[in-house]
2 protein chains.
Amino acid sequence: MPLDLPLADEQPVERSDAARNREALLVAAQRLVDQCGVDSVTMDAVAQEAGVGKGTVFRRFESREGLMAAVLDRSETAWQGAVIGGPPPLGPGAEPMERLLAFGHTRLRLNLTHGALIRAADRSGARSFAAVSFAAMHVRYLLTQLGVTGDIPLLATALMAPLEVVILEQQAGREHIPVERIEAAWDDLVRRVVNG
Amino acid sequence: MPLDLPLADEQPVERSDAARNREALLVAAQRLVDQCGVDSVTMDAVAQEAGVGKGTVFRRFESREGLMAAVLDRSETAWQGAVIGGPPPLGPGAEPMERLLAFGHTRLRLNLTHGALIRAADRSGARSFAAVSFAAMHVRYLLTQLGVTGDIPLLATALMAPLEVVILEQQAGREHIPVERIEAAWDDLVRRVVNG
DNA sequence: GGTGCAAACGGACCGCGGTCCGCTTCTATT
DNA sequence: AATAGAAGCGGACCGCGGTCCGTTTGCACC
């Protein structure tokens with residue numbers, strides 16, 4: 001009678017070898033990324049480094065995009081933690097405007113640092129639902145706190161759009177605009193939107 | 001004495017067969033794109049459709065990205081013409097604010113319509129210098145006309161960022177936000193930035 | 001320990017973008 | 001018309017992401 005106990009939140013439970021491989025793959029991928037740069041990491045290389053077959057990599061992570069997203073998740077989670085419960089001005093405790101500016105600055109730097117990884121984790125152009133919506137929620141919340149009226153969700157998007165990797169790499173990379181100036185311009189944008 | 005005449009603007013002049021092939025390839029690519037959608041157009045297919053070898057495609061257009069950019073160029077050029085010399089409110093003759101709003105609306109629709117093509121023409125994330133800078137120049141010009149003060153180039157970027165394909169496809173596609181609402185939100189953003 | 005079977009594994013295989021290089025064609029010059 | 005050599009051509013070939021399927025492994029129950 002192979003009956004699984006009818007626990008409410010039935011999630012299939014990963015087999016032990018599967019879990020071991022997942023971890024090995026993440027470690028391998030992380031190492032290769034650090035070593036050779038995102039763009040020259042191949043799926044075969046990751047598989048070999050982890051000592052598993054290529055099929056296993058795709059079974060675990062669906063696609064290259066998925067694997068990179070998993071690697072990215074580490075730092076992204078840390079940042080989200082800092083936003084939710086870290087020290088001010090990014091975390092709670094500071095004035096909403098201060099928090100919003102801190103949000104922008106840290107997000108900007110992060111997107112610039114992890115640009116290649118983010119792009120690799122997000123080839124389709126649509127950032128993973130979770131990642132995007134977390135930031136969106138936060139900005140909406142802060143805008144509300146600031147007493148902004150209007151279409152808050154779309155205003156939030158408008159504020160975050162200039163922080164997208166595509167834009168930042170155009171500015172910092174192609175046009176050689178210093179980061180401080182980009183930050184300052186974003187601050188200005190925020191003030192105009194909030195006060196306007 | 002194989003001396004080329006020392007004309008000032010010496011550009012090598014394309015050989016006749018090369019020119020013929022370029023045209024054939026563009027036509028073939030255009031047809032295949034219209035027929036099957038950008039994403040399922042392969043370089044081999046384009047080569048075959050145009051009746052040339054694969055190598056020729058890459059010789060002419062460098063890469064898939066380059067070919068798609070060339071295809072895209074047709075409609076893009078038309079739009080640029082309308083901005084520079086078309087009828088108001090998009091073209092000259094209307095008030096700057098009116099022109100700016102018209103700019104945003106047409107750009108928004110265009111980016112939504114040609115989203116797949118634009119993404120294919122621009123895999124790297126950095127839109128071709130020419131395309132981006134034309135729009136940027138125009139917005140900067142209008143902002144100046146409107147008497148906006150501050151970091152005009154970066155304010156212009158901030159206004160155009162929410163019109164990027166990545167953002168629009170997230171909103172219209174994943175979040176099912178109606179285009180009219182996106183337009184309205186952009187108008188609001190513009191007013192805040194201009195008045196703020 | 002044995003047994004049944006779902007889950008996981010791995011590597012051969014495929015299609016596509018992109019390169020390479022020996023062969024062909026155009027054109028300038030006589 | 002003949003000629004030379006640069007420009008163009010084409011298709012075999014490569015590496016990578018992704019799939020498929022026959023084989024192996026872990027686990028629950030006996």
Side-chain angles (χ1 to χ4, degrees), chain A residues 1-7 10-26 28-29 32-33 36-71 119-124, chain B residues 1-7 10-26 28-29 32-33 36-71 119-124:
Chain A
M1 188 165 39
L3 166 71
D4 7 315
L5 300 179
L7 289 172
E10 196 94 22
Q11 53 195 16
V13 186
E14 198 168 51
R15 235 168 68 171
S16 65
D17 53 344
R20 205 180 329 119
N21 282 338
R22 144 171 287 122
E23 195 50 31
L25 282 167
L26 272 177
L32 288 180
V33 165
C36 336
V38 179
D39 293 338
S40 50
V41 172
T42 71
M43 296 302 264
D44 294 80
V46 173
Q48 189 170 4
E49 178 84 11
V52 304
K54 192 176 174 180
T56 304
V57 188
F58 284 91
R59 162 175 298 275
R60 283 287 82 99
F61 295 99
E62 189 81 358
S63 64
R64 186 188 146 89
E65 199 179 320
L67 175 59
M68 294 310 179
V71 169
R119 247 186 296 114
D122 178 44
R123 192 97 11 198
S124 78
Chain B
M1 190 166 39
L3 167 70
D4 7 315
L5 300 180
L7 289 172
E10 195 94 24
Q11 52 194 18
V13 187
E14 196 168 52
R15 235 169 67 173
S16 66
D17 53 344
R20 207 180 327 121
N21 281 339
R22 146 170 284 122
E23 195 50 32
L25 281 167
L26 272 177
L32 288 180
V33 165
C36 338
V38 179
D39 293 338
S40 50
V41 172
T42 72
M43 295 303 263
D44 295 81
V46 174
Q48 189 170 3
E49 178 85 11
V52 304
K54 191 176 174 179
T56 303
V57 188
F58 283 90
R59 161 174 299 276
R60 282 290 83 102
F61 295 99
E62 188 82 356
S63 63
R64 186 187 145 90
E65 198 179 321
L67 175 59
M68 294 309 180
V71 169
R119 247 187 295 115
D122 177 45
R123 191 92 20 191
S124 77

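Here is the naming used below: chain letters follow the sequence lines, and residue numbers restart at 1 for every chain. No experiment lies behind these values; they were computed from the predicted model shown.
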Please check the phosphate of [N] (OP1 and OP2 only) for any side-chain N or O of [X] closer than 4.0 Å.
X	N	value
B:Thr42	C:dG15	no
B:Arg60	D:dG8	yes
A:Ser63	D:dG17	no
A:Thr56	C:dG10	yes

Atom-pair distance ([atom1] on [X]; [atom2] on [N]), nearest Å:
X	N	atom1	atom2	answer
B:Asp44	D:dA12	CG	P	11 Å
A:Phe58	D:dC21	CZ	C1'	16 Å
A:Asn21	C:dG11	CG	P	12 Å

Regarding the side chain of A:Asp17, the nearest nucleotide among D:dG17, C:dC9, D:dG10 is C:dC9
5'-most contact on DNA chain C (nearest-nucleotide basis), A:Gly55 vs B:Lys54, goes to A:Gly55
Remember a base hit wins even if backbone is also touched, and classify A:Arg64 as base, sugar-phosphate or nothing at under 4.0 Å, heavy atoms. sugar-phosphate
| request: Report yes or no: is there a donor-acceptor pair, N or O only, under 3.5 Å between the side chain of A:Arg15 and the base of D:dT25? | output: yes
Would you check if the side chain of B:Arg60 reaches a backbone N or O of B:Glu23 as a donor-acceptor pair within less than 3.5 Å? no
